Amino acid sequence: MRFSLTTWNINSVRLRIDLVAKFLEEMQPDVLCLQETKCPDDAFPLKRFKQLGYDHVVLNGQKGYHGVAIVSKLPFESSDIRVFCNNLDSRHISVSFGEKAGMAVPLIVHDFYVPAGGDVPDPDVNAKFAHKLSFLDEMKTCEPLHPRGDARHILVGDLNVAPHENDVWSHKQMLKIVSHTPIECEKLLAVQSEGNWIDVARERIPLSEKIYTWWSYRAADWAASNRGRRLDHIWVSSALKDSIRDFTVTSDARGWERPSDHVPVTTVLEL
DNA sequence: ATGGTAGAGCATCTA
């Protein structure tokens with residue numbers, strides 16, 4: 001079966017529900033993983049998603065900040081929320097698909113919102129940066145993020161790190177900027193290698209080519225300056241490496257009316 | 001070297 005999945009840091013799902021609808025109507029992914037919903041669970045716009053054909057929803061929201069959600073055309077078997085850094089921030093949710101979704105072999109999807117880490121890249125003076133580094137360390141040792149053998153897992157989200165030189169507009173000018181410091185890049189790549197994850201973007205697009213999924217709101221003209229970063233990621237377990245059929249960054253979405261600073265990132269797998 | 005924007009919810013935090 002053809003299976004498509006999108007990850008998108010929406011920066012308020014309530015404010016941008018019309019943009020989400022526009023995207024879902026055009027792209028029709030089977031599953032959409034959202035971050036920064038900024039929405040308590042009882043205020044989540046469930047009805048709009050149901051109208052769009054996304055009947056199955058799991059939520060880990062909180063008031064004002066953070067928040068993740070997975071909406072799906074396919075029914076789930078189960079869902080789970082994990083706590084990182086002993087902190088109640090809503091930064092993770094996962095689901096499993098199985099027979100209810102027509103899958104004989106289970107598929108697990110993890111949706112993450114890694115802490116941004118503040119401005120100063122020094123854990124001794126910036127507690128937010130220390131939190132980010134600890135969060136990445138915990139992801140590395142988190143047993144459910146170590147798919148083995150034939151296990152079919154997908155890990156997506158706003159991981160808030162652009163790990164490779166061409167994941168940022170200027171490697172040299174970004175070395176001391178949070179999201180591209182060597183310590184963060186090392187730790188994110190350690191999470192990836194510890195779980196034998198395949199970076200779908202770099203499986204499809206060589207390391208020599210620039211890829212961005214985020215452009216700052218603080219640019220006068222985001223497209224003209226094009227100072228982007230690849231903060232949003234789709235990883236698959238090694239068992240799914242040969243199932244990858246497509247990878248798309250919907251950069252157009254950065255130019256939509258009142259956009260998120262992140263754009264949707266989509267993969268298609270043949271399961 | 002600096003300051004630049006956006007959202008939630010209503011002062012200030014987070015990004």
Side-chain angles (χ1 to χ4, degrees), chain A residues 7-21 23 33-45 48 59-69 83-93 111-123 125-136 156-163 167-170 172-181 183-185 187-188 212-233 251 253-265:
Chain A
T7 179
W8 194 4
N9 178 322
I10 194 61
N11 188 15
S12 174
V13 68
R14 284 177 288 178
L15 186 71
R16 282 185 244 288
I17 188 63
D18 290 339
L19 296 188
V20 175
F23 176 82
C33 296
L34 294 168
Q35 305 87 36
E36 275 207 271
T37 53
K38 294 187 175 177
C39 179
D41 291 349
D42 59 11
F44 194 87
R48 282 300 292 283
L59 302 172
N60 179 13
Q62 68 182 81
K63 187 178 175 183
Y65 313 110
H66 320 313
V68 290
V83 171
F84 289 80
C85 303
N86 259 324
N87 176 308
L88 292 179
D89 286 356
S90 296
R91 296 186 179 276
H92 169 268
I93 195 162
D111 181 10
F112 274 97
Y113 179 45
V114 172
D119 289 330
V120 180
D122 179 348
V125 300
N126 174 9
K128 290 181 192 173
F129 195 70
H131 179 212
K132 183 178 195 175
L133 297 183
S134 300
F135 195 101
L136 291 168
V156 306
D158 176 3
L159 306 185
N160 263 316
V161 180
D167 293 339
V168 293
W169 65 278
S170 169
K172 200 177 162 190
Q173 286 173 265
M174 287 284 302
L175 278 168
K176 291 180 179 174
I177 304 295
V178 171
S179 73
H180 192 63
T181 64
I183 181 89
E184 293 167 84
C185 298
K187 285 185 185 293
L188 187 75
Y212 311 140
T213 65
W214 173 92
W215 292 262
S216 172
Y217 283 127
R218 299 181 192 180
D221 185 333
W222 71 275
S225 57
N226 197 24
R227 296 185 170 189
R229 308 177 195 174
R230 184 170 74 104
L231 303 179
D232 303 276
H233 299 267
S251 313
R254 186 62 179 78
W256 292 351
E257 185 86 22
R258 293 199 80 184
S260 170
D261 45 356
H262 297 252
V263 297
V265 179

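All chains are named by letter (A, B, ...) in the order of the sequence lines, taking the proteins before the strands, and each is independently numbered beginning at 1. All of these numbers come straight from a predicted model, not from anything done at the bench.
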Any donor-acceptor N or O pair under 3.5 Å, side chains Ser260(A), Asn11(A): no

In whole Å, measure the gap between the [atom1] atoms of [N] and [M] for me.
N       : M       : atom1 : value
dG7(B)  : dA11(B) : C1'   : 14 Å
dC13(B) : dG9(B)  : P     : 16 Å
dA15(B) : dG4(B)  : C1'   : 14 Å
dT14(B) : dC10(B) : P     : 15 Å

Lys/Arg cation over aromatic Trp215(A): Arg254(A), 6.0 Å, 45° cone: no

Among Val20(A), Val265(A), Asp158(A), Thr213(A), side chain to side chain contact (heavy atoms under 4.5 Å, CB included) partner for Trp8(A): Val20(A)

Note, Arg229(A) side chain near Asp167(A) side chain (heavy atom, < 4.5 Å): no

Any side-chain heavy-atom pair of Leu159(A) and Leu231(A) under 4.5 Å: no

Trp169(A)-Tyr212(A) aromatic ring centre distance below 6.0 Å: no

Heavy-atom contact window of chain A on DNA chain B, given 5' to 3' at under 4.0 Å: dG4(B) to dA15(B)

Sugar-phosphate, base or nothing in reach of Arg16(A), heavy atoms under 4.0 Å: sugar-phosphate

Sugar-phosphate only, base, or nothing, as touched by Arg254(A) at under 4.0 Å among non-hydrogen atoms: nothing

Criterion side chain to side chain contact (heavy atoms under 4.5 Å, CB included) on Thr181(A) and Phe129(A), from CA distance to verdict: CA-CA 11 Å; Thr181(A) 64; Phe129(A) 195 70; 3.8 Å; yes

Derivation and outcome, side chain to side chain donor-acceptor pair (under 3.5 Å), residues Thr7(A) and Gln35(A): CA-CA 8 Å; Thr7(A) 179; Gln35(A) 305 87 36; 2.9 Å; yes

Upstream residue (5' side of DNA chain B) when Pro259(A) and Pro115(A) are each assigned their closest nucleotide: Pro259(A)

Residue met sooner reading DNA chain B from 5', once Tyr65(A) and Thr37(A) are mapped to nucleotides: Thr37(A)

Proximity to DNA chain B (any heavy atom under 4.0 Å), residues of residues 213-225 of chain A only: Tyr217(A), Arg218(A)

Ring geometry between Phe112(A) and Phe84(A) (parallel below 30°, tilted from 30 to 60°, perpendicular above 60°): perpendicular

